[in-house]
Amino acid sequence: MVRLRFLGFRLLSLAGLLLVLSLVLFLLQEISDADPVAATIGGNASPEAIAAARERLGLDRPPVERYLAYLGGLVTGDMGTSFRTHRDVTTDIATYLPATVELVLFAFVVALVLGVLFAVSSLLRWPLAGPFRGLLFVGSTAPTFLLGLVGLVVFYQLLGWLPASGRGGVTDGPTGMTLLDSLLAGDLAAAGDALQHLALPALALAVGPALAIGRVLRSSLTETLGSDFVRTATSKGLTEPQVLVRHVLRNSVNAALSMSALQLGFMFGGVLLVEGVFTWGGLGSYLAASLPVSDFPAIAGVTFVLGALYVTVNTVADVLQSVADPRIRVS
Amino acid sequence: MRSDPYAPARPAIRPRPVGVITAARPRALPAGRVVAAAGLVVLVLYALLVPVLVPVDLDRVDYATGPTPPSLAHPFGTDLAGRDLLVRGAHGLRVSLVAALAGATGAVVLGCLVGAACALVGGRLDRWGMRVVDGVNAVPHLLLGIVVAAALRGSLLTIVLVVAATHWTQTARLVRAELLALGTRDFYRAAVSLGLTRRQVLRHHAAPRLAAQLAVALGLLVPHAVWHESTLTFLGLGLPPHQPSLGALLDLGQQALLSGAWWTLAAPAGLLVAVTLCLAGCLAGRTEDHHG
């Protein structure tokens, strides 16, 4: 019962946040000086054509009515027509989303691995732990796109190990994610190619989140290892793996889990920059092309989709966390 | 993200120094912090002095020189248009620091106002105010910044507004928590029972404590704001091209990279990383981990 109520409350606040997001996007569109009429039919149109276009775009109606129409469109998956590509924004986003999701998910895995390494290396005092932590720390102070650029200089220009741009692999597969499609097609060479293209952008995207996750995990691991119940568990004769898995891990993973979710959300923002550097051909590139021409339906659409992903990821993490730690539901 | 918003800036009770010698000896500063502070001073001096000492027209181009690698005449090299990167870097650092300082200050002031209003008025305003804070926090601020900048078009003011509008929530929470916690403390009750007015309590007891915390919050925000400026400008949403901020220089550097002129990227990138590291290093030890 408590669990259901918690779930209901989280879902309700998720819906509320999406509503607020849509309102913010609508308001920004209102105060923006970009003229949608000029963008659709050009600046030199006759007054009649302008009036017709205003009516077609619904600009002659009051703002509240327009917001409700916009909201209704969002609910039914209609985000308007892009001024630039003259296609439905929903169609455009569906085309570019898989590339972005693939990059973010791959980078997230990299971030998790690096983060765990960071946490464990500071506890176990491995020989190369110091330089590794220093490198991660310096890397995390630089903006994401700068990391990408430095990665390009080192691994593409100087060493020539990795490609500079594009995606590689099987490009016309069913999921739109090159690595997954290559693996599904059983084409290992293509999968390797896709992996090579993924490596640099994913690393650039992963360094900052990895440090954040690693730090949280390290501090909670240190705390848990020093707690009384771990001493009790050890002294009542449990083996080390038993203590680690049953007592230490479950009690340490919680903070790291919520931090991971937060970082996964941030990555949906950071990916825009990384895509710009590596001409990745996902939502970031789509947004970058839409920004200079003030293609607001596209900008708002991409922002809404990425924002919705961010909010959803955090909600799912909250629910997962309550499963891992029942105390959260009660408070 | 501070682990405990109620924790005082310094431990309330310091261990008493033993003997005269230990008491007289000043507390040793960590070496890293000294280096960071010195580095920051050097960077600020560089940003302030170089444009004055080397009066070069920023818009003058010299394609005959073209990109030259770092040399004695041009320690940071020259960019594709033959402009000296030492001078342009100084200008860029200056613009970026001004934008970041203004943005961070705006965020702290706004957060302070909202937080204080929520804590002091309480009731419905507090509830709704905190909902708004949650709402703003729930949207990734880089994304929000991009849309705001896209709607308002790039200028120094836009960057300042974007940074302020997306970063005030942490300060608001901090101030609110601090003020609410104040009410439970003994010295507050003592002050009230002595007959001090609310204004006097706020001025003599709340303000000094808050000032220390706000200084740290501001210090943490500035490097983050530098980061935002360069990011937005890099995306083409920030400052116009004739104002060479670090982000604009990085953007040009990326274009020059294909022709092998790595130094056009190295100069602004090095400056950016250096200024962020120095700012963060100065505050190290004063704060817990900061994410965002």
Cut-off 4.5 Å, heavy atoms of chain A, and the answer for B:L272 is side chain
Most heavy-atom pairs under 4.5 Å with chain B, out of A:L25, A:L273, A:V311, belong to A:L273
Is there side-chain contact between A:V89 and A:D295, with heavy atoms separated by less than 4.5 Å?
-> no
Check: Is B:V133 close to B:W168 at the side-chain level, that is, under 4.5 Å between some pair of heavy atoms?
Finding: yes
Of A:V104, A:L147, A:L103, the one forming a side chain to side chain contact (heavy atoms under 4.5 Å, CB included) with A:P201 is A:L103
Cut-off 4.5 Å, heavy atoms of chain B, and the answer for A:L17 is side chain
Bottom line for A:L21: the part with an atom under 4.5 Å from chain B's heavy atoms is side chain
Those residues of residues 298-306 of chain A that come under 4.5 Å of chain B on a heavy-atom basis, listed by number, are A:I299, A:T303, A:L306
Here the gap from B:D126 atom CG to B:L180 atom CG, rounded to the nearest 0.5 Å, amounts to 6.5 Å
Is the shortest side-chain heavy-atom distance between B:L86 and B:Y46 below 4.5 Å? yes
To the nearest 0.5 Å, atom CG of A:D92 lies from atom CG of A:L287 at 12.0 Å
* Is a donor on one side and an acceptor on the other found under 3.5 Å between the side chain of A:E275 and the backbone of A:S285? -> yes
Rounding to 0.5 Å, atoms CG (A:L217) and CE (A:M259) come to a distance of 11.5 Å
